[in-house]
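Worksheet: one structure, shown below.
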Amino acid sequence: MQIAKSKRLEGIGEYYFSQKLREIEQLNKAGKNIINLGIGSPDLPPHPSVIKVLQEQAGLSNTHAYQSYKGVAALRNAIAGWYQNWYQVNLNPDTEILPLLGSKEGIMHICMTYLNEGDQALIPNPGYPTYTSAVKLAGGTPVYFELTEESNWEPNFDKLEAGDLSKVKLMWVNYPQMPTGKKPTIELFQKLIAFGKKHEILICHDNPYSFILNDAPMSLLSVAGAMDTAIELNSLSKSQNMAGWRIGTLCGAEERINDVLTFKSNMDSGMFLPVQHAAVAALSLGADWYHSVNEVYAKRREKVFELLDVLACKYSMNQVGMFVWAKIPENIKDGYELSDQVLYKSNVFITPGGIFGSAGNQYIRVSLCGSISKFEEAIQRIEAQKAN
């Protein structure tokens with residue numbers, strides 16, 4: 001018996017990495033031993049104190065029930081303190097914070113909460129593919145705005161305003177930007193807030209990379225008037241090495257939090273209480289924690305720069321985040337071609353920039369989530385192949 005899929009899945013392909021991981025699995029079964037430098041899944045553990053809290057709380061008899069959709073007060077207070085300490089943003093933990101099962105689900109929740117058929121959402125090109133799929137699944141229409149190296153990977157607001165914005169309801173942005181590693185500036189954030197207010201567009205800022213190789217974490221909500229027109233997603237996945245724990249947050253005005261909660265409360269039954277307590281411990285870590293994590297990533301990034309030099313790619317040394325974004329040589333058609341060459345000839349997987357949008361076709365992205373020895377082995381393999 002064949003059951004037809006919902007029409008909402010039309011035009012929604014399987015996530016690229018889901019497909020590619022299956023292919024890599026098959027290559028590994030054939031004995032290829034692929035070095036995967038594609039996905040940004042932290043390979044470092046959380047702080048030992050965080051794991052200890054989880055273990056202790058999970059051993060208690062009264063921590064296993066369903067939990068509040070808004071999380072326990074201790075977690076919301078910890079998120080508020082984290083925002084105040086690191087971003088200088090004052091949030092009301094009772095009304096302006098909504099813990100999430102990872103920030104990725106927040107992208108879907110926001111789109112389902114606000115988009116109707118015919119509504120449009122501005123999406124960066126290049127940008128995180130989930131913005132597009134979430135908008136489409138919610139019934140909205142993606143409208144792409146191109147980010148270029150020449151414009152320093154910032155939106156061209158004049159070009160945006162020259163278009164028809166009458167149906168645009170949301171604008172997805174994220175700085176530090178993924179995949180380009182572009183750092184935010186206060187001037188850029190001010191322009192985004194002014195743009196949102198002028199055109200009555202909700203600016204949705206996805207902010208999971210602000211601590212990685214960046215000594216000046218910023219929040220869009222730090223801009224005056226931001227709460228009127230913006231909301232922000234954040235995550236412990238990258239900053240605290242807790243990707244698989246699925247802990248994120250949505251921050252914004254009380255009205256926005258309540259809007260999204262209406263949808264979210266129909267989708268899950270709260271976060272496991274021991275995980276919430278562990279998140280509180282993670283959010284209380286000081287500057288030493290972030291410094292130790294970034295020391296590791298800085299050393300890895302130097303190796304990635306070496307790898308990219310072997311491939312004759314060009315890159316900015318000022319980018320931040322968990323990846324390195326690089327322009328491919330002119331004699332290669334696109335990032336897909338270079339990615340396949342490296343995969344099939346050197347048994348190393350590097351992400352083609354085109355999966356993040358057409359503006360990424362001439363680029364590749366390399367993840368920093370691997371040991372120094374892993375990067376050195378990848379460099380040796382690529383050098384050996386080039387020598388033949």
Side-chain angles (χ1 to χ4, degrees), residues 39-58 71-72 74-91 93 97 99-104 174-176 178 181 183-184 206-222 232-251 271-304 319-324 367-372 374-375:
I39 297 178
S41 179
D43 58 316
L44 300 171
H47 192 278
S49 65
V50 175
I51 298 172
K52 182 179 180 182
V53 170
L54 177 69
Q55 292 171 331
E56 291 174 348
Q57 290 290 319
V72 295
L75 176 55
R76 285 182 274 109
N77 287 329
I79 293 169
W82 192 58
Y83 259 76
Q84 181 65 60
N85 186 33
W86 294 102
Y87 301 122
Q88 293 74 56
V89 172
N90 183 30
L91 296 171
I97 292 171
L100 303 171
L101 304 179
S103 60
K104 186 176 182 180
N174 83 298
Y175 290 93
M178 201 291 293
K183 289 193 289 188
D206 188 19
N207 194 22
Y209 297 101
S210 61
F211 286 85
I212 306 301
L213 293 174
N214 181 23
D215 57 6
M218 291 179 63
S219 166
L220 181 61
L221 300 182
S222 66
E232 182 166 277
L233 292 169
N234 218 316
S235 170
L236 274 65
S237 292
K238 277 70 176 182
S239 59
Q240 313 292 343
N241 294 335
M242 298 170 75
W245 298 53
R246 308 315 302 136
I247 308 166
T249 185
L250 173 66
C251 302
M271 187 188 301
F272 185 40
L273 185 56
V275 168
Q276 295 190 59
H277 286 302
V280 172
L283 291 165
S284 70
L285 295 171
D288 287 351
W289 162 255
Y290 300 105
H291 179 70
S292 66
V293 171
N294 283 326
E295 273 192 324
V296 174
Y297 283 128
K299 291 175 183 176
R300 292 177 176 185
R301 185 169 60 177
E302 290 301 318
K303 287 297 176 182
V304 171
Q319 56 188 294
V320 301
M322 198 165 281
F323 311 95
V324 177
S367 168
L368 301 181
C369 298
S371 65
I372 293 293
K374 189 176 182 180
F375 290 115

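The shortest distance between side-chain heavy atoms of His47 and Ser292 does not fall below 4.5 Å. Trp289 has its side chain out of reach of Ser49: every pair of non-hydrogen atoms, C-beta onward, lies at least 4.5 Å apart. Using a 4.5 Å heavy-atom cutoff, the side chains of Leu250 and Leu233 are in contact. Side-chain atoms of Arg246 and Met271, non-hydrogen and from C-beta on, never get closer than 4.5 Å to each other. At a threshold of 4.5 Å between non-hydrogen side-chain atoms, the residues Asn207 and Leu220 do not count as touching. Between Cys251 and Asn234 the shortest side-chain heavy-atom distance does not fall below 4.5 Å. With contacts defined as side-chain heavy-atom distances shorter than 4.5 Å, the pair Tyr209/Val320 does not qualify. Looking only at side-chain heavy atoms (C-beta outward), Pro217 and Trp82 stay at 4.5 Å or farther from each other.
Legend: salt bridge (charged side-chain N to carboxylate O under 4.0 Å, His left out) pairs involving residues 294-304, not counting sequence neighbours, sorted by first then second residue: Asp43-Arg300, Lys303-Glu306, Lys303-Glu376. Within the structure, the salt bridge (charged side-chain N to carboxylate O under 4.0 Å, His left out) test picks out no pair touching residues 236-245 (sequence neighbours left out).
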* Asked: What's the verdict on side-chain contact (heavy atoms from CB on, under 4.5 Å) for Leu368 and Leu213, showing C-alpha distance, side-chain angles and the deciding distance?
  -> CA-CA 11 Å; Leu368 301 181; Leu213 293 174; 3.7 Å; yes
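Glu232 contributes no side-chain N or O that, together with a main-chain N or O of Ser219, makes up a donor-acceptor pair within less than 3.5 Å. Formation of a donor-acceptor pair under 3.5 Å by the Asn174 side chain with backbone atoms of Pro176 is found in this model. Asn241 contributes a side-chain N or O that, together with a main-chain N or O of Pro45, makes up a donor-acceptor pair within less than 3.5 Å. A distance-only check finds a donor-acceptor pair linking the side chain of Gln88 to the backbone of Asn85 [under 3.5 Å]. A side-chain donor-acceptor contact under 3.5 Å links Asn294 to the backbone of Phe211. A distance-only check finds a donor-acceptor pair linking the side chain of Ser367 to the backbone of Ile39 [under 3.5 Å].
Aromatic ring orientation, Tyr290 versus Trp86: perpendicular (interplanar angle above 60°, classes split at 30° and 60°).
Interatomic distance, CG of Leu283 versus OH of Tyr83, reported as 10.5 Å (0.5 Å rounding). Interatomic distance, Met322 CE to Met178 CE, rounded to the nearest 0.5 Å: 11.5 Å.
Taking both residues in full, the closest heavy atoms of Ala281 and Val50 are given as C-CG2, 4.2 Å, listed atom of the first, atom of the second, then distance. Taking every heavy atom of both residues into account, Phe375 and Cys369 meet most closely at CZ-N, 4.4 Å.
Looking at Tyr87 and Ser210, their side chains do bring a donor and an acceptor atom within 3.5 Å of each other.
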